[in-house]
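Read the structure below first, then the notes.
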Amino acid sequence: MPLLEVNDVVVRFGGVTAVNQAGFTADERRITGLIGPNGAGKTTCFNVITGLQRPTSGSVRFAGRNVTRTAVHRRAKRGMARTFQRLEAFGSLSVRDNVRVALDISGGLGGLMRNPRAKVDQVLERVGIGEYADERADAIPTGTARLLELARCLVGDPTLLLLDEPSSGLDETETDAFGELLIALAAEGKAILMVEHDMDLVMTVCDDIHVLDFGEIICSGSPAAVRADERVQAAYLGSSDTPGTQHDLAPIDATTTIPAVL
Ligand SMILES: Nc1ncnc2c1ncn2[C@@H]1O[C@H](COP(=O)(O)OP(=O)(O)OP(=O)(O)O)[C@@H](O)[C@H]1O
Ligand SMILES: [Mg+2]
């Protein structure tokens with residue numbers, strides 16, 4: 001049984017169906033991509049998985065249990081950790097203290113641990129931002145802040161990492177290093193579910209990809225299978241006279257590069 005199972009989830013906001021009968025899984029030792037055009041319902045799926053959004057119908061199973069109605073902090077204690085599309089660090093705290101707070105929240109282990117600072121510094125080194133440990137979080141570059149978000153997740157030793165657009169704000173070199181870090185984390189046993197607009201990154205690191213379009217999963221499979229799928233290409237190309245709906249996926253040049261990039 002996969003670590004995470006999303007079954008037939010529907011989320012309606014008034015008249016808007018943000019997620020429609022979506023079903024997908026994520027599992028240990030795998031990097032799973034959840035992709036789709038702007039507004040497709042990706043973040044709403046993350047909110048349902050983590051408990052910030054109650055689904056209209058459908059269920060979420062995590063580590064063998066139905067957690068559809070389980071509180072956010074209980075899901076976190078069972079091993080879920082997420083990053084947010086909008087950065088959520090405490091600006092006036094140092095980078096180190098931001099991670100320390102996350103450690104304390106994740107089960108109160110910080111109080112019991114003999115050397116919580118060593119644990120925090122080890123995680124900062126792991127994600128490659130050790131040199132920023134004493135900087136205020138509101139004074140660091142966006143790319144570094146993304147890595148700080150990841151460090152805040154990792155410090156609680158989660159089994160499932162949910163990353164919402166983790167590479168936005170990273171430059172090309174940072175993105176390459178980030179991809180390698182994800183692969184290493186998966187090799188150590190973590191399940192990673194990632195919403196990401198950088199198709200090069202998605203196609204390089206993901207083992208499985210699920211594609212959402214207008215709230216529905218239109219394709220699931222390997223990067224090669226997804227790249228070749230006509231519905232996926234159509235969803236990303238969309239209709240060029242409908243701005244702001246389907247086709248404004250950042251890295252895709254709608255005129256020429258779809259087959260190459262996807
Ligand atoms: N709290 C809410 N109330 C009403 N509508 C919402 C709410 N949250 C999301 N929506 C709508 O649900 C749809 C899906 O939004 P969601 O944020 O999940 O998309 P997304 O795939 O994460 O998009 P993006 O790539 O732009 O981050 C959109 O039409 C959005 O406007
Ligand atoms: Mg989103």
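Counting starts at 1 for both ligands and their atoms, in listed order.
Protein heavy atoms are found less than 4.0 angstrom from atom 22 (O) of ligand 1.
For R54 (side chain) and V48 (main-chain N/O), no donor-acceptor pair under 3.5 Å exists by modelled atom type.
Residue G39 places a heavy atom less than 4.0 Å from ligand 1. Assignment of E165 to the shell around ligand 1 is supported, since a heavy atom sits closer than 4.0 Å.
When only non-hydrogen protein atoms are considered, atom 12 (O) of ligand 1 lies nearest to A18 CB, 3.2 Å. The protein atom (non-hydrogen) at minimum distance from atom 26 (O) of ligand 1 is N38 ND2, 3.1 Å. When only non-hydrogen protein atoms are considered, atom 25 (O) of ligand 1 lies nearest to K42 NZ, 2.7 Å. Considering only non-hydrogen protein atoms, atom 17 (O) of ligand 1 sits nearest to T43 CB, 3.8 Å. For atom 6 (C) of ligand 1, the nearest protein heavy atom (residue, atom name, distance) is F13 CD1, 3.2 Å. Nearest protein neighbour of atom 27 (O) of ligand 1, counting heavy atoms only, is Q85 NE2, 2.8 Å.
In the model, T43 has a side-chain atom that pairs as donor or acceptor with a side-chain atom of Q85 under 3.5 Å.
In the vicinity of T44, heavy-atom distances shorter than 4.0 Å reach the ligand 1 atoms 9 (C), 14 (C), 15 (O), 16 (P), 18 (O). Proximity to H197 (heavy-atom distance under 4.0 Å) selects the following atoms of ligand 1: 25 (O).
Contact check for L182 versus M194: side-chain heavy atoms found under the 4.5 Å cut-off.
A cation-pi arrangement is present between R82 and F84 under the rule of less than 6.0 angstrom and at most 45 degrees off the ring axis.
Applying side-chain contact (heavy atoms from CB on, under 4.5 Å) to I209 and the options V226, T32, V232 leaves one that passes, V226.
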